[in-house]
2 protein chains.
Amino acid sequence: MSLRYALLGLLADEPASGYDLTRKFERALQRYAWHAQHSQIYPELGKLAADGLVEVIAEGARGRRTYAITEQGRTELRSWMLNPPDVFVVRHEFVLRLFLLSTLDPEDARAVLRPVAQESARELATLRESLDRAEATAPPGTELALGRLVAEYGLRSFQTMHDWALWALDRIDQVEAAKAARPAG
Amino acid sequence: MSLRYALLGLLADEPASGYDLTRKFERALQRYAWHAQHSQIYPELGKLAADGLVEVIAEGARGRRTYAITEQGRTELRSWMLNPPDVFVVRHEFVLRLFLLSTLDPEDARAVLRPVAQESARELATLRESLDRAEATAPPGTELALGRLVAEYGLRSFQTMHDWALWALDRIDQVEAAKAARPAG
DNA sequence: AAATGACATGTCTGATTCAACATGTCAAGG
DNA sequence: CCTTGACATGTTGAATCAGACATGTCATTT
């Protein structure tokens, strides 16, 4: 069901084609919130249209079809946003690997953690840059879009991950050092 | 594929039955890393056994079958841990809802964020408590298990979420106040 | 002796999802 | 004119997954 709401959410912002939506998934949702391929997006758009939640508002070059959300679609989306399910579906390969870290020896654990520290730093820098750029563009005093809130969440999450990875690496070193100093244990 | 490694990872720690594994999923993995039901776990255990990555080491009361990881299973798990895929699959209904926050008006956004702030605080308290309990049990100077690292990651993640939700609520208030003070805008 | 509830393992149907296959358009460069 | 690459939309078959159904055990309480 979530894919359907992800699409409605993206279309609530502005009309878009299947291709546009696929790119939006790749740029924004894919890495943080919801993964989907175009082979899933096109059929779902069809179902959404059949259910009257979106409609085709233009057909352009190369068979391009632009979809817009309908009033009914907006109502449906809002109702989903305000009435969350009890239990959220979470599937996060990255975090799963963190959980399974305890199956490795210290050397292997370090080998897993080092790239985590590096990549989170890189991701963080990218996010920060695009946020700064957006803030520089908006005139001061301008009402901030709610989208800014999510960007901040992403920023903080990656900062947390980065700090944690460094802390974890340090921790492993400490434990090893303590063990070396007390070989009897 | 991830379910298979999640199961191998849990079995790497200690042998367990399908029922045990289902409960472990519910307690630990389900909310943070990987969601799976028993109707998926039982068949996957069968496949794992057929592939020689786990084996039945005991059959107990009520048809209970205890599985243990094999050497081959450990090798397979380690190789997956050390050779991560390029792109991680992420499906996170909760974060998806955050992304779609921008489709709501400020009043609705607040209604979504308030429970987030509350629940993250509750989750945080629970985690902190169980961590403190674990630390009190372990004699001082004891080598800390790598599992401690993940607990810390969970703790930090919920702290980040909580802080962010409060920040976001505050931000929305500020923007509204600014708008009220400047009704012409 | 019966009822209840936690324990325990499975199957089945339909929905979701993935990877691969398939087709074609249009613009720019050689 | 031909090639390349970005644009654009789909289908198909296999695998994965969810929710409901199904079955039975064992310990405790009534």
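Chain letters run A, B, ... following the sequence lines, proteins first, then strands; residues in each count from 1.
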Does A:Q40 make a side-chain N or O approach to OP1 or OP2 of C:dT16 shorter than 4.0 Å?
no
Looking for any heavy atom pair under 4.0 Å, which part of the strands does A:T22 touch: base, sugar-phosphate only, or nothing?
nothing
Contact under 4.0 Å: B:H38 side-chain N or O vs D:dG19 OP1/OP2:
no
Check the hydrophobic clustering (I, L, V, M, F, W, Y; side-chain heavy atoms under 4.5 Å; chains of links allowed) and say if A:V89 and A:L3 are grouped together.
no
Can you check the A:L3 CG to C:dT17 P distance for me, whole Å?
6 Å
Under 4.0 Å from OP1 or OP2 of D:dC7: is there any side-chain N or O of A:Y19 that close?
yes
Whole-Å distance, B:W34 CH2 to D:dT16 C1', equals 10 Å
Ion pair present between B:R122 and B:E119, side-chain N to carboxylate O less than 4.0 angstrom?
no
Would you mind reading off the distance between A:L48 atom CG and C:dA15 atom P, rounded to a whole angstrom?
17 Å
What integer distance in Å separates B:E59:CD from D:dT25:P?
16 Å
Heavy atoms only, 4.0 Å cut-off, all strands: where does A:R91 land among base, sugar-phosphate and nothing?
sugar-phosphate
For the pair A:E14 and A:K24, find out whether any cationic side-chain nitrogen is under 4.0 Å from an anionic carboxylate oxygen.
yes
Phosphate oxygens OP1/OP2 of C:dG10: is one of them under 4.0 Å from a side-chain N or O of B:Y42?
no
Between atom CZ in B:R4 and atom P in D:dC17, what is the gap in whole Å?
12 Å
A:Q37 side-chain N/O to C:dA19 phosphate OP1/OP2 under 4.0 Å
yes
Evaluate the criterion side chain to side chain donor-acceptor pair (under 3.5 Å) for residue pair B:E93 and A:S2; output intermediate values, then yes/no.
CA-CA 7 Å; B:E93 245 167 39; A:S2 288; 2.9 Å; yes
Identify, between B:D20 and B:S39, the residue whose nearest nucleotide on DNA chain C lies closer to the 5' end.
B:D20
Output the rounded distance in Å from CD1 (B:I41) to P (C:dA8).
14 Å
Does the distance from a Lys or Arg side-chain N to an Asp or Glu carboxylate O, for A:R110 and A:E107, drop under 4.0 Å?
yes
Spacing between A:M1 atom CE and D:dA18 atom P, to the nearest angstrom
14 Å
In whole Å, I'd like the distance from the CD atom of B:E93 to the C1' atom of C:dT17.
15 Å
Residue met sooner reading DNA chain C from 5', once A:A36 and B:S17 are mapped to nucleotides:
B:S17
